[in-house]
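Since the structure comes first, as structure tokens, the remarks are kept for the end.
Given the structure is predicted, the values throughout are model-derived calculations rather than measurements.
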Amino acid sequence: MTRVPTQGPASGPDDLAHTPRPGSLAARARAAAAPAPYLAGLNDEQRRAVEATEGPVLVLAGAGTGKTRVLTTRIAHLIATGLARPSGILAVTFTNKAAREMKERVAHLVGPAAEGMPWLGTFHAIGTKILRRHAELVGLRSDFTILDVDDQIRLLKQVLQAEGIDDKRWPARQLAGLIDGWKNRALTPQKVPHGEAAAFAHGRGAELYALYQERLKILNAADFGDLLLESIRLFQEHPDVLADYQQRFRYILVDEYQDTNVAQYLWLRLVAQAHRNLCCVGDDDQSIYGWRGAEVDNILRFEHDFPGATVVRLERNYRSTGHILAAASHLIAHNEGRLGKTLRTEDVPGEKVTITGAWDSEEEARLIGEEIEALHRKGHPLSEMAVLVRISAQMREIEDRFVQLGLPYRVIGGPRFYERLEIRDALAYLRCVVQPADDLAFERIFNTPKRGLGDATLQVLHAHARAARIPLMEAARFIVETEELKPKARKTLRDLLASFARWSQSLETMPHTELAEMVLEESGYTEMWQKDRSAEAAGRLENLKELIRSLEEFPDLPSFLEHVSLVMDAVENDTDDRVSIMTLHAAKGLEFDTVFLPGWEEGLFPNQRALDENGRAGLEEERRLAHVGLTRARRRAKLYFASNRRIHGLWSSTIPSRFIDELPEENVEITEAPVAYTYGSYGQSRFDMAEPFRSSYATPGWQRAQANSAGWASGRGAGNFAAGRVSGARRGGPLMIEGELVAKSTGTTSSFSAGDRVFHLKFGPGTVAAVDGNKLTVDFDKAGRKMVLDSFVERGS
DNA sequence: CACCGTGGGGTTTTT
DNA sequence: CCCCACGGTG
């Protein structure tokens with residue numbers, strides 16, 4: 001158990017603040033030793049982390065201990081001392097926001113010298129940059145497209161369909177999840193463990209994964225996982241390329257190391273091998289992305305993986321008051337798998353963490369609203385308050401209440417700008433203009449707005465595209481010259497193709513913002529929303545305008561699209577005074593004066609599913625989440641639990657979270673139970689007991705949770721054995737994704753000649769009258785003379 | 001081909 | 001309870 005001094009005597013005036021007062025002993029000593037201005041104000045450990053430039057370094061930085069400051073100062077130090085040029089430093093973050101922030105802060109410290117830190121960015125951005133330079137070595141072209149999750153699922157659906165797998169029983173989404181997980185662990189299709197592959201479509205998981213990868217290569221596309229996985233493959237298969245980057249990156253820094261997954265770890269290890277100047281900063285107690293493939297083990301094993309590593313612990317917290325820090329530290333001390341840090345603060349004890357029980361979630365929302373209004377009346381800005389929830393579904397009730405109260409709020413996270421329907425449609429148009437071979441983009445918009453081109457038309461396009469191994473739009477160009485489609489569809493499609501050809505031509509001659517506007521206008525996309533009478537339409541039009549506006553910040557369309565596919569968030573400059581509402585996950589890295597934490601109930605938090613699926617590890621991750629939540633607060637942390645909550649529409653009674661039991665008595669204050677609550681005879685907790693603090697695992701909460709999870713487990717997992725292989729679905733050579741029409745043509749030359757007897761699926765038997773490239777004029781026995789594509793006929797008698 | 005009704009399923013989320 | 005995706009109908 002970690003002991004946390006909450007109000008011990010301050011050890012000296014210098015410890016009270018980041019910056020020693022000028023003239024103080026410490027300041028004078030520092031000035032004498034090394035007058036580098038950027039080092040001023042660092043505490044001893046922070047300074048050690050900055051100055052230990054050589055060899056592997058692990059900085060264990062607890063919440064609020066100045067982690068970003070250490071990273072940025074370290075970069076400044078490397079540049080200022082001449083140890084490295086900006087281009088010789090590799091600095092990796094997880095989010096674009098973190099990358100942006102780091103860039104700004106480095107620039108602030110070292111001025112224009114930091115310009116051009118070309119290798120500061122997210123894992124994925126850096127992976128992309130490297131891949132584009134050597135794309136041909138991994139079977140891509142340098143202009144490969146990056147697929148988002150939507151595209152990925154659409155593509156997988158096609159693969160499943162082609163393989164005759166019922167995507168009801170085996171959803172593409174699920175397969176996408178599996179593949180994602182495999183990629184996170186750097187598993188290529190060949191390396192997927194047999195047992196795991198068996199979990200999908202009767203053991204065909206790995207095979208489908210392989211087929212998906214083939215399709216990606218054909219489309220000249222990479223998904224997010226590939227950005228890393230393919231660069232690993234590049235490094236492994238081309239040691240000369242790897243050696244080049246190893247030499248280039250003299251110093252490597254990694255932020256949020258606890259969030260790295262296996263692929264990222266392998267990638268780092270490859271790149272860091274030569275100089276071994278790898279500095280990882282992280283906090284094992286803030287690892288909350290295990291479900292997404294993050295491996296806490298990476299940080300726990302650092303000293304083992306990089307022998308001789310310097311380990312620096314940053315334990316002085318500059319953010320929270322004593323009570324909050326003590327509560328958070330005691331809570332996290334219940335975890336076993338941790339490196340262990342003892343957070344200290346020299347701040348005042350401050351207010352105790354409050355715990356409030358509500359009758360139901362509605363009352364909980366009401367109490368939070370009232371508290372916020374009370375604080376606001378006392379002069380606390382709303383922007384310094386946040387409500388942090390475990391799952392997004394909790395937000396609506398809170399929002400409803402805030403709306404009723406007229407309390408301004410903003411939801412952080414949620415569907416992001418570039419994920420909105422209208423934005424993705426607009427982007428798909430632009431992708432088609434820039435990259436006519438982008439099949440997934442074309443499919444997305446080819447009937448948006450509705451222009452009468454439906455599934456039937458799409459199937460015809462697909463059939464020819466596959467047979468001829470050409471992109472959809474190219475296939476369409478052939479098809480509109482024949483009579484495969486009904487005249488109406490043919491004309492519509494021809495017009496659409498003509499538009500795209502025109503737009504693509506304007507790429508060179510027209511400013512890209514104007515072009516984008518023109519595309520949306522002429523395609524009828526803008527008009528579609530103008531005509532729409534629904535409530536969202538106006539907002540969508542606004543968003544489209546915003547999209548055009550943001551285009552101005554880029555030199556051309558391709559660089560804009562690259563940015564979008566890697567950076568899914570748009571920068572918010574909302575400076576209004578509003579309360580923030582977000583999930584605990586979204587809150588990592590942020591801080592507020594007052595933090596409201598509703599929903600601390602068994603089943604919700606810790607989340608039942610996390611417990612069911614990951615047992616003890618799941619529980620520990622939930623506890624880290626609780627720790628993250630508490631440590632977001634500077635002055636006030638307010639916990640809530642409800643005795644009744646609606647889960648999937650059904651009311652059920654709930655009991656307080658075991659995490660509440662794990663908070664030390666002396667740091668919390670149980671606020672007056674609201675009247676309604678005393679009527680409830682639900683779930684005993686320490687709130688109605690004489691002796692409140694017993695072992696957590698003996699509480700009714702724990703026992704009930706156990707009972708529940710047993711019940712859940714037994715109710716699951718039956719059935720799933722009937723998918724069967726659809727008979728007749730053939731699988732051919734590597735490029736035969738679908739066992740349909742036999743590929744005979746590569747696009748322009750036909751193997752048919754006049755007089756051949758042929759059979760067409762739609763028109764029946766006939767005789768070839770003339771051949772023009774891949775187009776045939778056929779006299780059909782029943783349908784008369786038609787112009788068709790050779791890929792739609794078979795040799796017949 | 002478009003619309004509407006039903007049914008199933010429903011953490012957390014970045015890149 | 002609420003959102004989505006699919007299947008049937010006009």
message: Among B:dT13, B:dT11, B:dT15, which nucleotide has an atom closest to any side-chain atom of A:T95?
response: B:dT15
- prompt: Using a cut-off of less than 4.0 Å, is there contact between a side-chain N or O of A:T583 and OP1 or OP2 of B:dT11?
  reply: no
message: Please tell me if A:N96 has a side-chain N or O lying less than 4.0 Å from either OP1 or OP2 of B:dT14.
response: no
- prompt: What nucleotide among B:dG10, B:dT15, B:dC3 has an atom nearest to a side-chain atom of A:K450?
  reply: B:dC3
- prompt: Less than 5.5 Å between centroids and less than 30° between ring planes, does A:F94 satisfy that with B:dT15?
  reply: no
- request: Cation-pi check, A:R215 to A:Y212: give yes when NZ or CZ is under 6.0 Å from the six-membered ring centre and within 45° of the ring axis, no otherwise.
  value: no
query: Just how far, in rounded Å, is C1' of C:dC1 from CG of A:N644?
result: 16 Å
task: For A:K129 and B:dT15, give me the distance from atom NZ to atom P, rounded to whole Å.
output: 18 Å
task: Quick one: label A:L650 by what it contacts on the DNA or RNA (base, sugar-phosphate, nothing), any heavy atom closer than 4.0 Å.
output: nothing
task: For residues A:W267 and A:L229, determine if any side-chain heavy atom of one lies less than 4.5 Å from a side-chain heavy atom of the other.
output: no
Euclidean distance for C1', C:dC6 against B:dT11 (whole angstrom): 25 Å
task: Establish, for the pair A:R132 and A:F144, whether the NZ or CZ atom is under 6.0 angstrom from the six-membered ring centre and no further than 45 degrees off its axis.
output: yes
statement: A:I412 atom CD1 is separated from B:dT13 atom C1', nearest whole Å, by 15 Å
query: Since syn is defined as within 90° of 0, does B:dT11 count as syn or as anti?
result: syn
statement: Across all chains, not counting sequence neighbours, the side-chain hydrogen bond (donor to acceptor under 3.5 Å, both in side chains) partners of A:Y525 are A:D425, A:W529
task: Among the candidates B:dT11, B:dT13, C:dC1, find the nucleotide nearest to the side-chain atoms of A:Y289.
output: B:dT13
message: Please enumerate all residues that pass side-chain hydrogen bond (donor to acceptor under 3.5 Å, both in side chains) together with A:E422, with sequence neighbours excluded.
response: A:R540, A:N543
task: Give a yes/no verdict on base stacking between B:dG10 and A:H648: centres under 5.5 Å, planes within less than 30° of parallel.
output: yes
query: How is A:R292 classified with respect to the nucleic acid when contacts are heavy atoms under 4.0 Å: base, sugar-phosphate, or nothing?
result: base
statement: Reading nucleotides 2-10 of chain C from 5' to 3' and marking B where a protein heavy atom lies under 4.0 Å of the base, S where only the sugar-phosphate is that close, and - otherwise, the string is S---SS---
field: P atoms of B:dT12 and C:dA5, separation to the nearest Å
entry: 16 Å
task: Would you mind reading off the distance between A:L584 atom CG and B:dT11 atom P, rounded to a whole angstrom?
output: 16 Å
- prompt: Should A:N447 be listed as having a side-chain N or O under 4.0 Å from OP1 or OP2 of B:dA2?
  reply: yes
message: I'd like to check the side chain to side chain contact (heavy atoms under 4.5 Å, CB included) partners of A:A263; sequence neighbours left out, ordered by chain and number.
response: A:A186, A:I232, A:N261
- request: Identify whether any heavy atom of A:Q152 sits under 4.0 Å from a base atom; if not, whether one sits that close to sugar-phosphate; answer base, sugar-phosphate or nothing.
  value: nothing
message: Distance check needed: B:dT15 P versus A:H563 NE2, whole Å only.
response: 11 Å
- line: The residue, A:S392 or A:T122, whose nearest nucleotide of DNA chain B is more 5′ is A:S392
task: Indicate, with a heavy-atom threshold strictly under 4.0 Å, whether A:D455 touches base, sugar-phosphate, or nothing.
output: sugar-phosphate
task: Name all residues meeting the side-chain hydrogen bond (donor to acceptor under 3.5 Å, both in side chains) criterion together with A:Y265; count only those two or more places apart in sequence or in a different chain, and write none if there are none.
output: A:R269, A:D305
message: For a 4.5 angstrom cut-off between non-hydrogen side-chain atoms, does A:L561 reach A:L430?
response: yes
message: Please tell me if A:T93 has a side-chain N or O lying less than 4.0 Å from either OP1 or OP2 of B:dT15.
response: no
query: Who pairs with A:P558 by side chain to side chain contact (heavy atoms under 4.5 Å, CB included), at least two apart in sequence or on another chain?
result: A:V434, A:D556
query: Can you check the A:D148 CG to B:dT15 P distance for me, whole Å?
result: 13 Å
- prompt: Roughly how many Å is it from CD1 in A:I130 to C1' in B:dT15, rounded to a whole number?
  reply: 16 Å
message: Without decimals, in angstroms, what is the distance between A:F123 CZ and B:dT14 P?
response: 17 Å
query: If you check the A:W291 side chain, which of B:dT11, B:dC3, B:dT12 turns out closest?
result: B:dT12
query: Touch check for A:A456, heavy atoms < 4.0 angstrom, all strands: base, sugar-phosphate only, or nothing?
result: sugar-phosphate
